[in-house]
Amino acid sequence: MASAENFNTLSAGKGSNTGFDSSMFKRKFFQAMKYVILVLGCLIVIVPLLVVFLGSLKDNREFLSSNVFALPTHIEWSNYKTAFIDGKVLLGLKNTLIILVISCFFTVILGTMTAYVVQRFNTVMGKVMKAAFLCAQLFPSITMQVTVYSIMNKFGLVGTMGAPILLYIGTDIISIYIFIQFLNNISYSLDESAYMDGANYFTIYFKIILPNLKPAIATVLIIKIISIYNDFYTANLYMPSDELSVVSTSLYRFMGPYGAKWEIIFAGIVICTVPVLIIFLFLQKYIYAGLTNGAVKE
Amino acid sequence: MTGTANLTKKKRFGRIYRQQLLTVIIFLLIPTVLLITFTYLPAANMFAFSLEKRDQFGVDVEFVGLQNYKTIFETPEYFSAFKNSLYYLAGSFIQLSLALFLATILCSKIRFSNFFKGVLFFPYMINTVAVALIFRRFFQRGDGVTNTDGTLNTIITLLGGEPIKFLSSEGLVNICLVFISIWRYIGMDLVMFIGAIQSVSPELYEAASLDGANGFQNFRYIIFPEIKPIILLQMILAVKGAISVYDIPYIVTGGRFGSSTFVIETTETAFKFHKVGLACAMSVVLFLIIVVVTVIQKLAFKEDK
């Protein structure tokens with residue numbers, strides 16, 4: 001709060017010698033300018049989205065004959081039905097959810113296990129692993145798929161959900177890094193006293209490490225969910241069939257059959273964005289915290 | 001310490017060691033297998049294949065030495081794709097400065113600051129493909145038959161201007177694509193800067209205000225030093241981001257009209273033209289750039305500490 005008040009002296013500082021009135025005016029002017037800038041910024045965000053929403057409610061004739069800002073004369077819900085069923089958005093949401101649940105579960109389990117061993121035990125293998133994970137971060141993930149693809153192909157995983165899931169689980173170095181950073185701040189004395197009481201390392205991991213890593217798990221889950229939900233490349237490469245559409249690829253495939261039918265594409269976009277908006281409104285605080293923690297640890 | 005105590009201690013250490021080893025092996029087994037199979041094995045292949053002429057199925061493989069690397073530097077399209085990353089790099093600096101500016105405004109005494117922050121951040125949560133499609137339409141120039149003018153051209157017409165073919169003009173397409181990228185990612189920087197500014201201890205401002213510091217001085221001497229590491233980190237990450245651009249240009253223009261990026265060229269070379277050897281060489285070039293940038297990053301942050 002103290003910081004907020006001091007910021008308002010931005011204008012007052014310079015204008016103070018020209019008298020009280022002028023400095024008041026300047027301060028008011030700058031304050032008003034701040035709102036103008038913010039409202040302008042918000043318009044730039046909202047206008048393209050509003051156009052999508054309006055367009056999704058028009059029928060094809062009206063879409064082509066009316067101005068993008070014109071309100072629909074009658075509301076055409078059938079676009080949503082087309083997008084949902086024929087456009088496979090519903091299927092996309094379902095497949096995305098399946099992939100998300102499996103990948104997140106294993107990312108958390110394997111990530112925390114790796115971090116526990118690497119950070120707590122001073123073994124050579126742990127150190128080697130840590131270095132190996134850090135180096136792995138250097139490989140450009142998209143262009144690496146040129147060679148990953150043939151390996152996936154050998155395992156018969158191309159055209160299955162297995163390929164993206166294995167990649168989301170197995171090449172997620174940032175999560176492990178975040179877990180290690182959090183573990184640095186969890187006192188060893190907790191493990192030691194449990195060990196003295198006769199607990200083995202498995203018990204310590206499940207009873208002490210995992211519960212204490214809850215904030216880190218939340219951070220990792222937020223980052224992971226956003227990144228999987230947004231991933232277009234791996235899904236498009238490894239799951240080319242319509243039946244395995246995820247949100248990204250189902251929207252992308254709209255461009256073929258509905259290339260000129262923007263009202264249906266728009267309906268698809270609205271369907272995929274509304275759940276995100278609702279989640280965002282409820283979890284705003286956690287999402288901000290999760291992303292900030294994750295980014296600073298990078 | 002007596003001898004027996006020493007002996008039991010040794011025994012205990014042996015037991016601890018064995019148990020630790022067992023835990024290490026069990027816990028690390030799956031992650032190690034995954035890491036080797038999906039990162040190090042393909043990485044080794046990448047280096048090996050980059051010296052070969054090979055197609056997708058690995059038939060008729062021929063060792064060609066550094067020929068693929070030579071091809072990269074002699075093909076003008078790849079070079080122009082590299083040049084395009086400069087647009088994105090410039091874009092990220094604009095994005096960072098704008099985010100910093102908005103963050104300082106939002107941290108001052110502003111009503112509805114959470115609402116503004118939420119709106120400005122929200123594009124980050126929208127699916128990438130959705131964002132790309134939204135802007136494909138936003139920048140569209142209608143042909144009068146199957147499609148009408150998009151949002152931007154409608155505004156231009158309303159203001160009395162002539163509609164522009166934004167996405168099919170070589171001079172404008174990259175600027176439009178960078179705009180989309182800023183629109184989508186600025187919220188993330190904003191949230192990070194706000195977090196950093198708010199973590200500055202209030203006592204610093206009180207002390208500064210006693211010394212008669214004004215708003216600009218507050219920014220220059222209190223806020224800026226506090227968030228300097230974040231700015232630096234973001235600038236380095238921006239370089240990595242700029243050479244790895246893929247999704248938005250691929251979906252919006254398919255890389256046409258001079259909007260291709262190096263990553264788009266690489267994937268097309270591999271999966272469309274089936275020149276796996278060449279694509280691997282391109283991948284190695286990208287890898288080397290990332291290594292150089294990362295080394296710079298590590299050096300920069302070592303000095304800071």
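Proteins come first, then strands; the chains are lettered A, B, ... in the order of their sequence lines, and each starts at number 1.
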Can you measure from [atom1] ([X]) to [atom2] ([Y]) and round to the nearest 0.5 angstrom?
X        : Y        : atom1 : atom2 : value
B:Lys117 : A:Gln284 : NZ    : CD    : 7.5 Å
B:Asn45  : A:Ser150 : CG    : OG    : 6.0 Å
A:Leu110 : B:Ile30  : CG    : CD1   : 5.5 Å
B:Phe112 : A:Tyr35  : CZ    : OH    : 7.0 Å
A:Met113 : B:Thr23  : CE    : OG1   : 10.0 Å

Which atoms of [X] come close to chain B, meaning under 4.5 Å heavy atom to heavy atom: side chain ones, backbone ones, both, or neither?
X        : result
A:Val52  : side chain
A:Ile151 : side chain
A:Ile46  : side chain
A:Ala289 : neither
A:Leu138 : both
A:Ile176 : neither
A:Ile287 : side chain
A:Val47  : side chain
A:Phe106 : neither
A:Cys272 : neither

### Task
Apply ring-ring contact (aromatic ring centres under 6.0 Å, His included) to A:Tyr252 and list each qualifying residue two or more places apart in sequence or on a separate chain.
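With neighbours one apart ignored, the set is A:Phe232.
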Sort out for me which of [options] touches chain B most, counting heavy-atom pairs under 4.5 Å.
options                               : result
A:Val118, A:Val117, A:Ile37, A:Val45  : A:Val45
A:Ile279, A:Ile109, A:Ile142          : A:Ile142
A:Asn236, A:Val51, A:Leu277, A:Thr249 : A:Leu277
A:Leu38, A:Val146, A:Thr273           : A:Leu38

### Query
Does any heavy atom of chain A fall under 4.5 Å from the side chain of B:Ser113, the backbone, both, or neither of them?
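No part of it gets close to chain A.
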### Query
Where does B:Gln198 contact chain A at under 4.5 Å (heavy atoms): side chain, backbone, both or neither?
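It is neither, since no heavy atom gets under 4.5 Å.
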Between the main-chain N or O of [Y] and the side-chain N or O of [X], is there a donor-acceptor pair closer than 3.5 Å?
X        : Y        : answer
B:Thr128 : A:Asn230 : yes
A:Tyr149 : B:Ala270 : no
A:Gln145 : B:Thr267 : no

### Message
Taking the six-membered ring for Trp, are A:Tyr201 and B:Phe27 closer than 6.0 Å centroid to centroid?
### Response
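Not under 6.0 Å, so no.
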### Message
Centroid separation under 6.0 Å, is that true for the rings of A:Phe280 and B:Phe121?
### Response
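Between B:Phe121 and A:Phe280, the centre distance is under 6.0 Å.
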### Task
Please identify each residue that fulfils side chain to side chain donor-acceptor pair (under 3.5 Å) with B:Thr157, with sequence neighbours left out.
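Residues passing side chain to side chain donor-acceptor pair (under 3.5 Å) with B:Thr157: none at all.
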